[in-house]
Amino acid sequence: MTAMQRRGRRIMMTPAELDAFLTEQRTCRVATVSPDGRPHVSALWFAWDGTSLWLYSLTRSRRWAELRHDPRLAVVVDAGEEYGELRGVELSGTGVFVGEAPRTGEHCPELAEPEALFARKNFGLDEMPHDGRHAWLRLTPDAVASWDFRRLSAL
């Protein structure tokens, strides 16, 4: 169950707007927690399937190591340059590793849709290229907060 947004309801995205925004955007910022409690933020490309955010991460990255230690994460996807154009989504929850790590293309039915989405969106390809250095992480958020400052002019 996803937590309801309590603040900023007048500028939050509708479910359809949120879905469209996450489908069209390419880059997100992923926040993980290091073993000593320090936050670590890094940018990644992602795919959104309407329910979960799929992250394709290097398995030899600091992010991957931190998620192995503590799978909690938060992700922000945002857009806009001027203040009145700012919009975005924060998703948080527990990451789940899916498929082999690193990913070499072994048959995994659960990855068919996210790999097709990711390959089309980010590479313009019909099939996902596998480099043996990346693997998949799925975030089905426990909490989602969104904002669209373009709504401010109507308030």
Side-chain angles (χ1 to χ4, degrees), residues 1-9 11-34 38-80 85-106 108-131 133-150:
M1 174 155 181
T2 305
M4 288 290 295
Q5 182 169 338
R6 292 178 179 235
R7 293 164 141 205
R9 287 186 185 177
I11 61 168
M12 71 185 239
M13 295 180 193
T14 66
E17 290 168 337
L18 186 131
D19 190 56
F21 181 76
L22 291 174
T23 299
E24 73 186 24
Q25 296 299 312
R26 177 182 273 180
T27 305
C28 67
R29 287 143 193 82
V30 179
T32 55
V33 182
S34 65
R38 286 180 299 138
H40 173 241
V41 179
S42 56
L44 272 180
W45 282 350
F46 69 93
W48 172 252
D49 69 6
T51 303
S52 298
L53 197 75
W54 291 85
L55 305 166
Y56 196 55
S57 175
L58 285 166
T59 59
R60 295 183 60 129
S61 66
R62 176 177 169 186
R63 170 184 46 256
W64 193 266
E66 288 173 347
L67 289 166
R68 283 270 182 224
H69 175 73
D70 183 344
R72 294 176 299 161
L73 71 154
V75 175
V76 170
V77 180
D78 59 346
E85 300 170 347
L86 298 177
R87 58 196 174 120
V89 180
E90 178 187 6
L91 309 103
S92 60
T94 302
V96 175
F97 298 101
V98 180
E100 82 272 21
R103 181 94 171 109
T104 58
E106 184 178 306
C108 183
E110 189 175 4
L111 292 175
E113 181 182 5
E115 286 190 342
L117 291 169
F118 192 92
R120 276 192 301 273
K121 178 180 180 179
N122 297 305
F123 302 128
L125 300 173
D126 292 329
E127 286 188 29
M128 184 72 186
H130 301 288
D131 63 9
R133 300 180 317 144
H134 290 79
W136 287 102
L137 177 75
R138 181 185 66 229
L139 171 62
T140 305
D142 296 329
V144 176
S146 66
W147 59 93
D148 187 343
F149 284 15
R150 298 174 302 178

Report yes if the side chains of P141 and L53 come closer than 4.5 Å at any heavy-atom pair, otherwise no.
no

Any side-chain heavy atom of L73 within less than 4.5 Å of one from L137?
yes

Could you check whether the rings of W136 and Y56 sit parallel, tilted or perpendicular, using 30° and 60° as the cut-offs?
tilted

Quick check: does any side chain N or O of E100 sit under 3.5 Å from a backbone N or O of E106, one acting as donor and the other as acceptor?
yes

Using 4.0 Å as the upper bound for N to carboxylate O, is an ion pair formed by D78 and R29?
yes

Tell me, do V75 and F46 make a side-chain contact under 4.5 Å, heavy atoms counted?
no

Minimal heavy-atom distance between L111 and G99, with the atoms involved, is CD1-CA, 4.0 Å

Is any side-chain heavy atom of T27 less than 4.5 Å from a side-chain heavy atom of W45?
yes

Residues that E24 engages under side chain to side chain contact (heavy atoms under 4.5 Å, CB included), provided they are two or more places apart
F21, R87

Closest non-hydrogen contact found for K121 with A47 is NZ-CA, 4.4 Å

Would I11 and F149 count as a side-chain contact (heavy atoms from CB on, under 4.5 Å) if you check the C-alpha gap in whole Å, the side-chain angles of each, and the deciding distance to 0.1 Å?
CA-CA 6 Å; I11 61 168; F149 284 15; 3.6 Å; yes

Heavy-atom donor-acceptor pair, S52 side chain to R138 backbone, under 3.5 Å:
no

Minimum heavy-atom distance between V30 and R63, given as atom pair plus value
CG1-CD, 4.1 Å

Would a 4.5 Å heavy-atom cut-off, applied to side chains only, mark D19 and W48 as touching?
yes

Taking the side chain as every heavy atom from C-beta outward, state whether V89 and Q25 have any atom pair closer than 4.5 Å.
no

Side chain to side chain, C28 and V77, heavy atoms closer than 4.5 Å:
yes

Counting only heavy atoms not in D131, do more than 12 sit closer than 6.0 Å to its CG atom?
yes

Please enumerate all residues that pass side chain to side chain contact (heavy atoms under 4.5 Å, CB included) together with R60, with sequence neighbours excluded.
none

Using side-chain heavy atoms (C-beta onward) and a distance below 4.5 Å, is T32 in contact with D70?
no

Between H130 and R103, is the side-chain contact (heavy atoms from CB on, under 4.5 Å) condition met? List the steps.
CA-CA 6 Å; H130 301 288; R103 181 94 171 109; 3.3 Å; yes

Is there a side-chain contact (heavy atoms from CB on, under 4.5 Å) between W54 and E115 once you walk through the steps?
CA-CA 9 Å; W54 291 85; E115 286 190 342; over 6 Å; no

